[in-house]
Amino acid sequence: MTTTESTERVTSIQDAVTLLARLGERGRALAGGTWTMRGERDAHVHVALGGIAELGVLCRDGDTLRIGALVTHAQLAELPAEPATEALAEAARRSAFPQVRNVATIAGNIAAAGFAEADLVPALLACGARVELASPTGTHAMALHEYLPLRGSRPAGELITHVLVAAPPARRSGFARFTVRASGEYPIVSVAVAAEVDADGFVRSATIAVGSVEPVAKICPVASESLTGQRLTDLDAIEEAGRIAARECSPRDGLDAPAWYRTAIIPTLTRRAGAQAAGKDRS
């Protein structure tokens, strides 16, 4: 049976959520389109968001980055050098290819259910990101780690409008990934480390997030807690935290890598991400 697609263009968030709610399961929000283009062709009505100017704005509100849903990976890669958000900028710089980075959006990276390899997601998790969601009934924010497991069952008409990333002065962050070029630029494993550091260089609190290992990126709480009281420059301690993180994961098998291999490289990538957070040579 032949199916047809159509596109509706909107110029406001309210128009977008109203139309998506009316379309129900037939409606799909369309931004950069990189995930949509690789999906199955069906009879969805795509609601094009490119005409909503406020969704393309990236700004600073005190110690919080307010990132519009349409902000691209290329824009994030050019974030001013700042330890608190270096993990996010590095994830954006390393993702995919330049052609993809120029159009792929932050909200698309978050909302793409079934895309375990999304690079921005572990970096955002480590930095404690929240998503701002609009619907016909109003707007609210939700922690990203709470949103991810539910993203495939969100109510019709709900739309990610902004991503909020705290960037306190005491935070240091880093990101590392590993890929096999022969199978493309998707990572086999990606790791992000973010830590709040006191004046003497000791970690007050930390978050380690792992992507591409399980179907959905995750925070590893035991590994994260193990860094409390450690010096961020102690890369052996960070690598040990990576071994703990590996034990917290239930790795997936894939054509690009078997489950055991994903687990095996988590400690090394954690060390590299930690080295970047500490401002040290990652080699």
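- When each of Thr18, Thr139, Leu49, Leu55 is paired with Ile13, the side-chain contact (heavy atoms from CB on, under 4.5 Å) condition holds for Leu55 and for no other.
- The main-chain N or O of Ser205 is never found under 3.5 Å from a side-chain atom of Thr228 such that the two would form a donor-acceptor pair.
- Not one N or O on the side chain of His162 forms a donor-acceptor pair closer than 3.5 Å with the backbone of Arg66.
- Asp200 has no carboxylate O lying under 4.0 Å from a charged side-chain N of Arg231, or vice versa, which leaves the two without a salt bridge.
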Ser12 and Asp15: side chain to side chain donor-acceptor pair (under 3.5 Å), yes or no, with the steps? CA-CA 5 Å; Ser12 73; Asp15 287 347; 3.2 Å; yes
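- Taking the charged nitrogens against the carboxylate oxygens, Arg252 and Glu117 do have a contact shorter than 4.0 Å, which makes a salt bridge.
- In this structure, Asp119 does not pair ionically with Arg94, as no charged nitrogen and carboxylate oxygen lie closer than 4.0 Å.
- Interatomic distance, CZ of Arg243 versus CD of Glu248, reported as 14.0 Å (0.5 Å rounding).
- Taking 4.0 Å as the cut-off between side-chain N and carboxylate O, Glu158 and Arg151 do not count as a salt-bridged pair.
- Listed for the Thr72 side chain is no donor-acceptor partner under 3.5 Å among the backbone atoms of Val103.
- Cluster annotation: Leu235 and Val210 are assigned to the same hydrophobic cluster (Ile/Leu/Val/Met/Phe/Trp/Tyr, side-chain heavy-atom contacts under 4.5 Å, transitive).
- Between Val131 and the options Leu164, Leu144, Leu148, a side-chain contact (heavy atoms from CB on, under 4.5 Å) holds for only Leu144.
- The number of heavy atoms from other shown groups lying within 6.0 Å of CZ (Arg101) is above 12.
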Between Val10 and Glu8, is a side chain to side chain contact (heavy atoms under 4.5 Å, CB included) present by the stated rule, with each step listed? CA-CA 7 Å; Val10 292; Glu8 298 283 347; 5.5 Å; no
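- Distance check: Phe202 CZ to Thr233 OG1 gives 8.5 Å after rounding to the nearest 0.5 Å.
- For the atom pair CZ of Arg60 and CG of Leu79, the computed distance is 9.5 Å after rounding to the nearest 0.5 Å.
- Transitive grouping of hydrophobic side chains (ILVMFWY, heavy atoms separated by less than 4.5 Å) brings Ile110 and Leu65 into a common cluster.
- Counting all heavy atoms, side chain and backbone alike, Pro251 lies closest to Ala259 at CB-O, 3.4 Å.
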Report the C-alpha separation of Arg262 and Asp253 in whole Å, then their side-chain angles, then the decisive distance to 0.1 Å, and conclude whether the salt bridge (charged side-chain N to carboxylate O under 4.0 Å, His left out) test is met. CA-CA 9 Å; Arg262 296 183 200 276; Asp253 280 310; over 6 Å; no
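- When all heavy atoms of Pro136 and Gln14 are compared, the pair lying nearest together is CA-NE2, 4.4 Å.
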Under the criterion side chain to side chain contact (heavy atoms under 4.5 Å, CB included), I'd like the reasoning laid out for Tyr261 against Val189: C-alpha separation, chi angles, the key distance, then a yes or no. CA-CA 9 Å; Tyr261 187 73; Val189 179; over 6 Å; no
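- In terms of hydrophobic clustering, with Ile, Leu, Val, Met, Phe, Trp and Tyr side chains grouped at heavy-atom distances under 4.5 Å, Val71 and Leu125 are assigned to a common cluster.
- In this structure a side-chain-to-backbone donor-acceptor pair under 3.5 Å is missing from Thr161 to Ala134.
- Of the possible donor and acceptor atoms, one in the side chain of Ser212 sits under 3.5 Å from a partner among the backbone N and O of Ile188.
- For Val203 against Ala195, the heavy-atom pair with the smallest separation is CG1-CB, 4.1 Å.
- Here the side chain of Ser173 pairs a donor or acceptor atom with the backbone of Glu86 at under 3.5 angstrom.
- One N or O on the side chain of Thr105 and one on the backbone of Gly108 form a donor-acceptor pair closer than 3.5 Å.
- Counted within 6.0 Å of CD on Glu146, heavy atoms from surrounding residues, nucleotides or ligands total more than 12; the atom is thus considered enclosed.
- For the pair Ala245 and Ala223, the tightest heavy-atom approach, listed with the atom from each and the gap, is N-CB, 3.5 Å.
- Atom CD of residue Glu90 and atom OG of residue Ser190 lie 11.5 Å apart, to the nearest 0.5 angstrom.
- Using a 4.5 Å cut-off between side-chain heavy atoms of Ile, Leu, Val, Met, Phe, Trp and Tyr, with links allowed through other members, Val180 and Leu269 fall into the same hydrophobic cluster.
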Evaluate Ile106 against Leu124 for side chain to side chain contact (heavy atoms under 4.5 Å, CB included), listing each step before the verdict. CA-CA 10 Å; Ile106 187 170; Leu124 290 167; 4.1 Å; yes
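- Taken from CG in Leu227 to OG1 in Thr207, the straight-line distance is 9.5 Å, to the nearest 0.5 Å.
- We find the CZ-SG distance between Phe175 and Cys127 to be 11.0 Å, quoted to the nearest 0.5 Å.
- Looking only at side-chain heavy atoms (C-beta outward), Leu133 and Ile160 come within less than 4.5 Å of each other.
- Shown here for Ala241 and Ser226, the closest heavy-atom pair between the two residues is CB-OG, 3.4 Å.
- Smallest separation of non-hydrogen atoms from Leu70 and Ala31: CD2-CB, 3.5 Å.
- Applying the 6.0 Å contact sphere to CG of Asp198 captures more than 12 heavy atoms from other residues, nucleotides or ligands.
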Could you check Leu232 against Ile238 for side chain to side chain contact (heavy atoms under 4.5 Å, CB included), going step by step and ending with a plain yes or no? CA-CA 8 Å; Leu232 189 59; Ile238 293 175; 4.1 Å; yes
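- Residue Val165 is grouped with residue Met142 when hydrophobic side chains (ILVMFWY) are merged at heavy-atom distances under 4.5 angstrom, including chains of intermediate members.
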